[in-house]
J.: 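Pasting a structure below so you can have a look.
All heavy atoms count here, side chains included; hydrogens, waters and symmetry mates do not. Quick note on labels: first sequence line is chain A, next is B, and so on, each numbered from 1.
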Amino acid sequence: MYFEVVNQLNQILMDAASALSPEAKEKASDLSFTPARDPEHGDLAANAAMVLAKTVKKSPRDLADVFVKALSASPLVARAEVAGPGFVNVFLSNDILVESLKRILTDENQFGRSKKYAGKKALVEFVSANPTGPLHVGHVRGAVVGDSTAELLAAVGYEVTREYYYNDAGVQMQMLGRSVQARYRQLFGREAEFPENGYKGDYIRYIAAALKTARGDALLPEESWRPFTEFAADILMTIIMDDLRKLRVRFDATFSERSLHESGEVQRTLDRLKDKKATYEQDDALWLKTTEYGDEKDRVLVKSDGEPTYVTPDIAYHCDKYERQYDKMVNVMGHDHHSQCERVKIALSIFGFDLSCLHYLLNQMVSIERGGEKIKLSTREGQFMTLAEMADELGADVTRYFFAQRSYNTQMIFDWDLAKKQSMDNPVYYLQYVHARACSIEEKARERGIQPAPDLRFDASPLSGDRERLLLLKLFYYPLVVMDAAERLEANLIPSYLEDLAKTFHTYYQVQRVLDQDDPVGTQARFHLVLAVRQVMRNGLGLLNVSAPDRM
RNA sequence: GCGCCCAUAGCUCAAUCGGAUAGAGCAUCUGCCUUCUAAGCAGAGGGUUGCAGGUUCGAGUCCUGCUGGGCGUACCA
C-alpha cells in the first residue's frame, strides 16, 4: 500500500515537472516523497521544488505551488500545501490509511514483505569463525547482524543462502591438532611437550578426553597431528553450530577451506592470477601486485615454504561465490579484517568481477560493561565472554535485540546490567509488552463477543482522530522501513521503528480506552487498530528473530 | 608514518542514504493505578553534534585540515 501510494504521488510530481521544461524532465525521475518527521508537515513530504528550482529558474515556493495544484486533484490526497523554503507537504486521505490497515489484517505475516527482488539470489556469509575454540561476543554480534540481514533480504524477495566459511587448513588448525595431541598423550601419563603457541583453554582437555573415550589408546603411536585436528574440528564445529542454535541462528551451508585445496581451486586461482600478470616471484615466494591498486606494499600469496597464505584460498572462495552467480553477496566480519577484504577485492577486480554486488559489513569491536566496569576481553588471556554464556544468562531475545539495535559500524558497549534487567528499562520487553498487551485486549474483546468484522467491513470513522491517525500512519510506513533496512543493509532501522511504534501505542493505550461498552462503533474500529499494531509488531520482531509473547 | 572506522544530552544510542525546531532510553526531579496488564503513561531540566574552515536554497550528515580514541598495517589466521 505504501509503495502504491507513493509511486502514484511521485508520478504526479514527475508529470508536472516534465511539463515545465526538457531539463526538468530529465531530473524528474529523482523526485520522491518521504515520510514527514513532524505531523505538522503532513504525512508525506517532497523536496522536489527545491531540487528543481535552479533548472527551471523559478523560486522554490512558486514551483511548489505548481506541484500542490497537481497533487490536490488526486483522490489519495486530502490536502497538499507549500511549507518552509519550498517543501510540498501532503496530507493523505483517511480512506487510504484505513485501506492500509485492512491490508495488514488481510496479509498478516506477509505484511511488510515484498516481492521486489523475487527471483534474485543472495548469499550472506557470516560468523565464519575457525573451529579452534568456542564463539565469543564478537562472533555474537556478527551472528546477529548476519542473520538479521539475511532475514531482511528474504523479506524483500531474495532467495537467501546463509553460509559459514571456515578455515580447516593451515597453521592454526595444525596448532589445534598438536594441542589436542599433547593433552591426549598426557591423559595416558606420557611425557608430551605442549606446543609453544598452543591452545591452552580447558576445552582442549575435554576434546582429548572425548578422543580417548572414542578411540582408546589407538592413537598413541600416531605421529601426525592430522587425525587430532580432524577430530577436534568436528567436535568444535558441532559445538559452534549448537551454540548458534541457541541464538536461533541456522546456516544453509558450510564451506570448508580444505575443499578448495583438494578440488584444485586454490591452484587454479593462482594460475589465473599469473595469467593476468598480476604476480611475481621473489625470495622463493609468490607475490600479488597489490600496490598497483593502492596498497602500500605487495602481498604474499604463496610463502617460500610452498604453503599459501590466508588470503589465497579466500580469493579462491570468492571466485567460487561469483561463479555461483549471486545477485548480491554480503560478507559480515570483524572490522579487524578490513585490510584483508581490500586484498580480496583487488584480486577480484583483477579478474574483472563486478564489485558492486559484493558488500562487506565490517562490525566494530564490542566491549562489555558489567557492574559499572568494563570487562577486558582477550582471547589470549583466556578471558572472554562466550556465546553460550550470553545465550544462557540473557536468553536469545535479549542477546539478539541488543546487537540488532545498534549499527554494526560503531564500536559498542554492551550494557550487561541493563540486558539482565527484566523490567521496563529493558527495550526488548518494552516491545514485547506491546504484543502481550494487544493479545490481552483481544482476549477481553472475545470474552465480550467482539470479533473482527466479516470481510473487514466496519465503520472506520472513529479512526480519524489525531491519536488513531498517528498510529495508522506508523503502520502505513512499515513496509518502507523494511525495504530501506534491506536495501541499505542496516538491520538496526527495524528496532528504531519498532520502538517508535511501541511508544505511540503505549501512549495511545493510556489515554484511549479501546473496549468501551458505551461506544460499540468506536470499540469495533479501535479493536481492528489494535490487532493491526499487534501484527506489525509481531512481523517486525520476527525479522529480528525475537519472540512475540502473548503474555508477560 | 600510512590505511579503515568512530566522535551527537551526565551515560548508552537514534536521526528516513543533504531537509524543516537534532530525538529516544537510562539516570535526576514532579505527577498518574475502583474500569482492556503501572513490564505502562504525562511533564521538567539537560546540546555551540570534538575543533576550524569550505561546498549550497539548506550540513550532525559531503570536502579539507587539526584534536582525541579503536582497529589494521606478517612469508599469522
J.: Is there a donor N/O on one and an acceptor N/O on the other, under 3.5 Å, for the side chain of A:Asp336 and the base of B:G72?
T.: no
J.: Which residue pairs satisfy the salt bridge (charged side-chain N to carboxylate O under 4.0 Å, His left out) criterion with at least one member in residues 515-538 of chain A, sequence neighbours excluded?
T.: A:Glu442-A:Arg534, A:Asp519-A:Arg526
J.: Between B:U12 atom P and A:Phe402 atom CZ, what is the distance in whole Å?
T.: 14 Å
J.: Which salt bridge (charged side-chain N to carboxylate O under 4.0 Å, His left out) pairs, counting each pair once, include a residue from residues 170-179 of chain A, with sequence neighbours left out?
T.: none
J.: Could you state the CD-C1' distance from A:Gln405 to B:A15, rounded to the nearest angstrom?
T.: 14 Å
J.: If I take atom CG in residue A:Asn492 and atom C1' in nucleotide B:C17, what distance separates them, rounded to the nearest angstrom?
T.: 13 Å
J.: Rounded to whole angstroms, how far apart are CD on A:Glu490 and P on B:C13?
T.: 16 Å
J.: If I take atom CG in residue A:Asp38 and atom P in nucleotide B:A24, what distance separates them, rounded to the nearest angstrom?
T.: 12 Å
J.: For A:Phe476, give me all partners under ring pair (Phe, Tyr, Trp, His ring centres under 6.0 Å), at least two apart in sequence or on another chain.
T.: A:Tyr2
J.: A:Tyr430 side chain N/O closer than 4.0 Å to the phosphate oxygens (OP1, OP2) of B:C41?
T.: yes
J.: On the nucleotide B:A38, are OP1 or OP2 found under 4.0 Å from the side-chain N or O atoms that A:Arg437 carries?
T.: yes
J.: Syn or anti: how is B:C33 classified when any glycosidic angle within 90° of 0 counts as syn?
T.: syn
J.: Indicate whether OP1 or OP2 belonging to B:A15 is found under 4.0 Å from a side-chain N or O atom of A:Ser496.
T.: no
J.: So, using ring pair (Phe, Tyr, Trp, His ring centres under 6.0 Å) as the criterion, who are the partners of A:Tyr117 when residues are at least two apart?
T.: A:Tyr158
J.: Is the shortest side-chain N/O distance from A:Lys444 to OP1 or OP2 of B:U35 below 4.0 Å?
T.: no
J.: List every contact pair, protein side and nucleotides 65-68 of chain B side both N or O, where the distance is under 3.5 Å.
T.:
none

J.: From CG of A:Leu176 over to C1' of B:C76, roughly how many Å is that when rounded to an integer?
T.: 15 Å
J.: If you look only at pairs with a residue in residues 496-509 of chain A, which of them pass as a salt bridge (charged side-chain N to carboxylate O under 4.0 Å, His left out), with sequence neighbours excluded?
T.: A:Lys474-A:Asp500
J.: Check whether the side chain of A:Asn89 and the base of B:A20 form a donor-acceptor pair under 3.5 Å.
T.: yes
J.: List for me each residue that meets salt bridge (charged side-chain N to carboxylate O under 4.0 Å, His left out) alongside A:Arg61, sequence neighbours excluded, and say none if there are none.
T.: none
J.: Could you tell me which residues satisfy ring pair (Phe, Tyr, Trp, His ring centres under 6.0 Å) with A:Tyr360, sequence neighbours excluded, listed by chain and number?
T.: none
J.: Could you give the CD-to-P distance, from A:Gln340 to B:C75, as a whole number of Å?
T.: 12 Å
J.: Below the 4.0 Å mark, does B:G23 have OP1 or OP2 next to a side-chain nitrogen or oxygen of A:Lys503?
T.: no
J.: Looking only at side-chain N and O atoms, does A:Lys54 come under 4.0 Å of OP1 or OP2 in B:U56?
T.: no
J.: Using the ring pair (Phe, Tyr, Trp, His ring centres under 6.0 Å) criterion, which residues pair with A:Phe255? Sequence neighbours excluded.
T.: A:Tyr317
J.: Could you write nucleotides 27-33 of chain B as a row of B, S and -, 5' to 3', where a protein heavy atom under 4.0 Å of any base atom gives B, of only sugar-phosphate atoms gives S, and otherwise -?
T.: S------
J.: Given the structure, check if the side chain of A:Ser304 and the base of B:C75 hold any donor-acceptor pair shorter than 3.5 Å.
T.: yes
J.: Treat primed atoms plus P, OP1 and OP2 as sugar-phosphate and everything else as base, then score nucleotides 1-11 of chain B 5' to 3': B for base contact with protein heavy atoms under 4.0 Å, S for sugar-phosphate contact only, - for none.
T.: BBBBSS-----
J.: If pairs are Watson-Crick or G-U with both distances under 3.5 Å, what is the dot-bracket string of RNA chain B, marking crossing pairs with [ ] and pairs to another strand with |?
T.: (((((.(..((((.....[...)))).(((((.......))))).....(((((..]....)))))).)))))....
